[in-house]
K.L.:
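Starting off with a structure, shown below.
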Amino acid sequence: MLDYVRETPQVLNGQIAQDMARPLADAFLGSSYDRVRIVACGSSKNAAMIARPYLRRSLGREVIVTEPYTFCAYEHELPASEFTFVVSQSGYSTNALAALDLIRSFGMKALGVTGDANSDFRQAADALFDYGVGNEEVGYVTKGVTSLVVFLWLFGIDVALGEGRLSTEERSREIAKIEALVPRYMSVLEQAPLVLEHRYKELSSMERTFLIGAGTNYGISCEGALKFGECLQIPAIPLELEEYLHGPNLQLAPTYTVFVNAVGASDRARAREIVEATRLVTDHVFVLTDDRGFEGATVTVDPLESSLLAPLSLLPFYQVLAYQLTEDKHLWHKHPLVARFDRRLSGKSDNYVDKEVL
């Protein structure tokens, strides 16, 4: 898992060099659409949530992120003006496969985006798009999340170029902003073990956690919460920055741990107020920000021109903590009854080779 975190910058550079999203952008440009729907779950959904703010801006259209079950049961009107595609890194998620089948049943072209072009998606999709993550032989994915975000951003940039809303020079400038994330990503990757060592007692004894942020930062909170939940096996709740104040904060106690993602000028003032108030209840507050004047910040990154892109650099912090604490606390094995659950009901097809340790 940690090896894949370290490999991520190389994968991102490869995606950019090969313009991996160009085929999906060409599919979009082949007709006229006024909105995009991304059907995804788990880490793929979280990646879509991270990508969404920048993708909305670059496409100039609304972007809807829908879980596959909800799509199949409730939200599958599929108007001709909606560009819909289904995402699964593994290509074996049963709900994503069902979503592709449903689209086909309406006589429409089923578009699948995956990290494994030889998976079940190969037969289930009418058009298959490999987003370029390469091999990731663990169940708790890391580089697959970050690379899917970049793929979706490249898709938006290529659509904007194709529609004439970006010149070639402007496209190059947007790509340069994404490339500028790599040194920031590496900086966070280096800071994470230091934070873990410095505050090991707190982090190794977490029981209940909130992860809060807005915009792209909220997507980071969602993925951080998923990693803590599936690896550390603790309740980890992601919340939008302001939503935290409308009920969830009332359960705070000195034993709670709160992570605040506040990269970008838009959220700094409110994040400061929230951190100050939260510290009146618990000392276990961790702040990740690009504001070097933020008193008591845990992790800092250099500001980036686009605050819609910059929070992506925070992901390795949560990935490193999830991995190292799971390793140290011997938590790879789950409760014995979870194996029974998995045998009774799995979210993967029969062709999937289990990578999780139960």
Side-chain angles (χ1 to χ4, degrees), residues 11-40 44-66 77-87 108-109 111-113 127-133 145-182 184-185 214-220 263-267 290 303-313:
V11 173
L12 305 188
N13 290 332
Q15 287 178 296
I16 292 170
Q18 297 175 59
D19 197 4
M20 291 298 298
R22 169 58 65 181
L24 186 63
D26 288 342
F28 182 95
L29 293 167
S31 189
S32 178
Y33 301 100
D34 60 20
R35 70 183 186 191
V36 169
R37 186 183 298 271
I38 304 172
V39 181
S44 294
K45 176 195 170 186
N46 293 338
M49 293 297 294
I50 295 168
R52 180 175 177 264
Y54 181 83
L55 185 56
R56 288 179 75 243
R57 191 184 73 179
S58 58
L59 289 174
R61 297 166 173 86
E62 186 54 80
V63 176
I64 306 164
V65 180
T66 309
E77 291 78 11
L78 295 171
S81 60
E82 179 179 283
F83 185 76
T84 300
F85 57 93
V86 182
V87 183
M108 302 184 71
K109 192 172 184 179
L111 308 181
V113 174
L128 192 64
F129 304 90
D130 184 342
Y131 69 85
V133 60
V145 183
T146 313
S147 57
L148 179 54
V149 174
V150 170
F151 175 86
L152 294 172
W153 286 343
L154 293 174
F155 162 65
I157 291 170
D158 284 342
V159 168
L161 177 68
E163 292 182 334
R165 290 180 290 105
L166 280 183
S167 67
T168 302
E169 182 179 344
E170 288 169 331
R171 179 188 184 278
S172 296
R173 285 201 292 268
E174 292 303 303
I175 295 298
K177 293 176 187 176
I178 296 175
E179 291 173 330
L181 285 169
V182 171
R184 290 162 173 82
Y185 177 99
T216 309
N217 287 294
Y218 173 67
I220 299 295
V263 170
S266 299
D267 301 335
D290 58 353
L304 188 65
E305 180 182 343
S306 175
S307 61
L308 300 182
L309 298 171
L312 183 63
S313 62

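One is the number of the first residue; the rest follow in order along the sequence. The figures here come from the full heavy-atom set of this structure, side chains too, leaving out hydrogens, waters and symmetry mates.
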K.L.:
Tell me if a side-chain donor or acceptor on N217 pairs with a main-chain N or O of V263 at a distance below 3.5 Å.
P.N.:
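Pair found, side chain donor or acceptor close to backbone of V263.
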K.L.:
I'd like to check the side-chain hydrogen bond (donor to acceptor under 3.5 Å, both in side chains) partners of T84; sequence neighbours left out, ordered by chain and number.
P.N.:
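For T84 the side-chain hydrogen bond (donor to acceptor under 3.5 Å, both in side chains) partners, ignoring immediate neighbours, are E82.
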K.L.:
Is the shortest side-chain heavy-atom distance between L304 and L181 below 4.5 Å?
P.N.:
yes
K.L.:
List in chain and number order the residues that pass salt bridge (charged side-chain N to carboxylate O under 4.0 Å, His left out) with R184, two or more places apart in sequence or in another chain; answer none if no residue qualifies.
P.N.:
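For R184 there are no salt bridge (charged side-chain N to carboxylate O under 4.0 Å, His left out) partners, ignoring immediate neighbours.
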K.L.:
Quick one: list whatever passes side chain to side chain contact (heavy atoms under 4.5 Å, CB included) with V11, sequence neighbours left out.
P.N.:
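So V11 forms a side chain to side chain contact (heavy atoms under 4.5 Å, CB included) with Q15, K143, S147.
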K.L.:
Which heavy atom in A21 sits nearest to a heavy atom in F155, and how many Å separate them?
P.N.:
CB-N, 3.3 Å
K.L.:
Measure the OG-CG distance between S58 and L309 for me, rounded to the nearest 0.5 Å.
P.N.:
9.0 Å
K.L.:
Which distance, rounded to the nearest 0.5 Å, do you find between the CG of L55 and the CZ of R61?
P.N.:
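Nearest 0.5 Å value for the CG-CZ distance: 10.5 Å.
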K.L.:
Between F151 and Y131, how do the two ring planes meet: parallel, tilted or perpendicular, split at 30° and 60°?
P.N.:
tilted
K.L.:
Does V149 reach the side chain of T216, with side-chain heavy atoms less than 4.5 Å apart?
P.N.:
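V149 does not reach T216 side chain to side chain.
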K.L.:
Excluding sequence neighbours, so at least two apart, what forms salt bridge (charged side-chain N to carboxylate O under 4.0 Å, His left out) with K177?
P.N.:
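Expected list: E174, E305.
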K.L.:
Minimum heavy-atom separation for L29 and V159, please, with both atom names.
P.N.:
CD2-O, 3.9 Å
K.L.:
I'd like to check the side-chain hydrogen bond (donor to acceptor under 3.5 Å, both in side chains) partners of Y33; sequence neighbours left out, ordered by chain and number.
P.N.:
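Counting only residues at least two positions away or on another chain, Y33 forms no side-chain hydrogen bond (donor to acceptor under 3.5 Å, both in side chains).
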K.L.:
For S81, which residues count as a side-chain hydrogen bond (donor to acceptor under 3.5 Å, both in side chains) partner, sequence neighbours excluded?
P.N.:
D34
K.L.:
Can you measure from CZ (F83) to CG (L59) and round to the nearest 0.5 angstrom?
P.N.:
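One finds 9.5 Å between CZ of F83 and CG of L59.
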K.L.:
Just to verify, which of V87, D130, V39, L128 counts as forming a side-chain contact (heavy atoms from CB on, under 4.5 Å) with V113?
P.N.:
V87
K.L.:
Rounded to the nearest 0.5 Å, what's the gap from CG on L148 to CD1 on I38? Could you check?
P.N.:
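Taking CG in L148 and CD1 in I38, the distance rounds to 8.0 Å.
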K.L.:
Over all heavy atoms of both residues, which pair between S306 and R57 is shortest? Give the atoms and the distance, please.
P.N.:
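Where S306 meets R57 most closely, the heavy atoms are OG-NH2, 4.0 Å.
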K.L.:
How long is the gap from CG on L152 to CD1 on I157, to the nearest 0.5 Å?
P.N.:
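L152 atom CG to I157 atom CD1 measures 11.0 Å (nearest 0.5 Å).
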K.L.:
Restricting to salt bridge (charged side-chain N to carboxylate O under 4.0 Å, His left out), what partner residues turn up for E77, sequence neighbours left out?
P.N.:
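Listed in chain order: nothing, the list is empty.
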K.L.:
Could you tell me which residues satisfy ring pair (Phe, Tyr, Trp, His ring centres under 6.0 Å) with Y54, sequence neighbours excluded, listed by chain and number?
P.N.:
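Y54: ring pair (Phe, Tyr, Trp, His ring centres under 6.0 Å) contacts with W153.
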K.L.:
Listed by chain and number, what are the salt bridge (charged side-chain N to carboxylate O under 4.0 Å, His left out) partners of E62, not counting sequence neighbours?
P.N.:
R52, R56
K.L.:
Among pairs that include at least one residue of residues 146-160, which meet salt bridge (Lys or Arg N to Asp or Glu O under 4.0 Å), considering only residues two or more places apart or in two chains?
P.N.:
R22-D158, D158-R171
K.L.:
Looking only at non-hydrogen atoms, find the nearest pair between S307 and G264 and report the distance.
P.N.:
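Smallest heavy-atom distance, with atoms named: CB-CA, 3.5 Å.
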K.L.:
Return the CG to OG distance between L161 and S172, rounded to the nearest 0.5 Å.
P.N.:
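Here the interatomic distance stands at 9.0 Å.
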K.L.:
Among residues at least two apart in sequence or on other chains, which ones pass side-chain hydrogen bond (donor to acceptor under 3.5 Å, both in side chains) with N13?
P.N.:
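side-chain hydrogen bond (donor to acceptor under 3.5 Å, both in side chains) check on N13 returns nothing, list empty.
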K.L.:
Taking all heavy atoms of P53 and all of G215, pick out the closest pair and write down the distance.
P.N.:
CG-C, 3.8 Å
K.L.:
Flag the pair L12 / I178 as yes when at least one side-chain heavy-atom distance between them is below 4.5 Å, and no otherwise.
P.N.:
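Sidechains of I178 and L12: no contact.
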K.L.:
Taking side chain to side chain contact (heavy atoms under 4.5 Å, CB included) as the definition, give me every residue that meets it alongside Q18, ordered by chain and number, with sequence neighbours left out.
P.N.:
M20
